[in-house]
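Naming: A, B, ... by sequence-line order, numbering from 1 per chain.
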Amino acid sequence: MKPNTDPETPAASGRAIHRGLVLCHDCHKLNRWDIKQAHAIQRCGRCGAKMHPRKPNSLARTWALSITAALCLIPANILPIMTIISFGKGQSDTIMSGVIALIHYEMYPIALVVFIASVAVPVMKLLGIWILCLSVQFGWNSSPRQRTVLYRMVEFIGKWSMLDVFVIAILVALVNLGALATIEAGHGATAFCLAVVITIFAAESFDSRLIWDQEENRNE
Amino acid sequence: MSHSTKSLPEHGHLTACHECDLLVNLPHERVGYRLKCPCCGYVIVDTRYDALGKTLAASLAALLLFIPANLLPIMAINIGDMGQSTTVLQGAQLMWQAEYFWVAFMVVLTAFIVPLLELSLLLSITVLAKLRRGMGFVVSAVKVYQKIRSWGMLEVYMFGILVSIVKLVDLADLVVNGGLYCFGGLLFCSTYAAASFDPHEVWEIVDETKH
């Protein structure tokens, strides 16, 4: 079904912010925004949540969080994420050596899954966030629609990096057979888990409406 | 209705796109309607027939499955005459004992606490909305639900189980236990509950009862 079914009030009547309206982030109700009290706290008429025309300090927060996450990825990839101890001999695995071991055992599909979830997704996600931040900050002239799709992808793929953390938690619990075989977690897992969580916060703090604000300023 | 709606009579059927802030008209007929933002393509409204009832049924079923999915072992391993089985919480408990507090906390949070909280919130929201009672609680429940929903990662955990099975299958005898089937059912029901949940319908009921 096509949107804009009512001919009397056209749907594309501009952005809410230009008509002094703000969408409540919690209950999605349109409220009037009093521009004279822009610095005071204004609350939603339906649910009482604090309203912001745009997420506060969105760009600065996203930059700070995504750079922190990138720093966390360094120990996450250098330190071992788990150690397999079998008959007294230990073998430590980092993220990449785990993937390489899977390739070595010719388990290609699972190697690909682990590679995508623990290497490709975290890196692509941070790159995606940085492209979005840079494009808003420097007013890059690329399609806002494409960038919105990029934003949606970044939001969607975020949680899948937790895969490796869950795998470690399951293996540690299962392979706990004393002298025969034991799997222990490594500090790389902590750093990796931290990186995933901070990246999710970074994606959440980015306000996708900034992409469209900038497009409008150019048209005026 | 509340005072803000009175002060905005001309905006009664307007809403703004969540992702690009475009003003869009809401349709009057509300069942079986899917409204995409003409500017950025975000799905603004997606109402289905008796969405409340579907969410209620699915979240109740998921909550019932939650109990065996977390009490029964998901799978067990046998090497020689030694064996070990695991559940979500046991995995986290062992990580905690090994002093990986942060990892253990995140596993419990994303694979246990948040999914449980999400399902309880969905069930109580839909029951109260159907009964048209306890709207104050419904308002805060929907808000909490929307805040925590990106932290529920049951589907990722399910994938983690599959990856672990493949990793271990050559090394040892693996036994898949009943817990895994319950976990699969739980994943199906909770995904269905989240997909069928329509917060717009709940907010309209909140407005109606205030009136």
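- Only the side chain of I110(A) comes within contact range of chain B, with at least one heavy atom under 4.5 Å from a heavy atom of that chain.
- Only the side chain of L23(A) comes within contact range of chain B, with heavy atoms under 4.5 Å apart.
- For chain B, the nearby part of V114(A) is the side chain; its heavy atoms alone come within less than 4.5 Å.
- In this structure, the side chain of S208(A) engages the main chain of E19(B) through a donor-acceptor pair within 3.5 Å.
- For E204(A), the part lying under 4.5 angstrom from a heavy atom of chain B is the side chain only.
- By the 6.0 Å contact criterion, CD on E155(B) is enclosed, its count of non-hydrogen atoms from other residues, nucleotides or ligands being greater than 12.
- Only the side chain of M107(A) comes within contact range of chain B, judged by heavy atoms closer than 4.5 Å.
- Listed by sequence position, V139(B) are the residues of residues 128-140 of chain B in contact with chain A, using a 4.5 angstrom heavy-atom cutoff.
- Residues of residues 88-96 of chain B lying under 4.5 angstrom from chain A, judged on non-hydrogen atoms, are Q90(B), G91(B), L94(B), M95(B) by number.
- Contact detail for H18(B) and R209(A): the closest heavy-atom pair is O-CD, 3.8 Å.
- Both the backbone and the side chain of V172(A) come within less than 4.5 Å of a heavy atom in chain B.
- Y151(A) touches chain B through its side chain: at least one heavy atom from C-beta onward sits under 4.5 Å away, while N, CA, C and O do not.
- Between Y100(B) and H187(A), the ring planes are tilted. Angles from 30° to 60° get that label.
- More than 12 heavy atoms of other residues, nucleotides or ligands lie within 6.0 Å of CE in M96(A), so this atom counts as buried by the packing criterion.
- Residue V103(B) forms a side chain to side chain contact (heavy atoms under 4.5 Å, CB included) with just one option from L194(A), V165(A), I81(A), and that option is V165(A).
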Apply ring pair (Phe, Tyr, Trp, His ring centres under 6.0 Å) to the pair F201(A) and W151(B), showing each step before the final yes or no. CA-CA 10 Å; F201(A) 277 121; W151(B) 295 98; 5.2 Å; yes

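- With a 4.5 angstrom heavy-atom cutoff, A101(A) does not touch chain B via any of its atoms.
- Only the side chain of L102(A) comes within contact range of chain B, judged by heavy atoms closer than 4.5 Å.
- Ionic pairing of R54(A) and D21(B) is present here: one or more N-O contacts between side-chain nitrogen and carboxylate oxygen are shorter than 4.0 angstrom.
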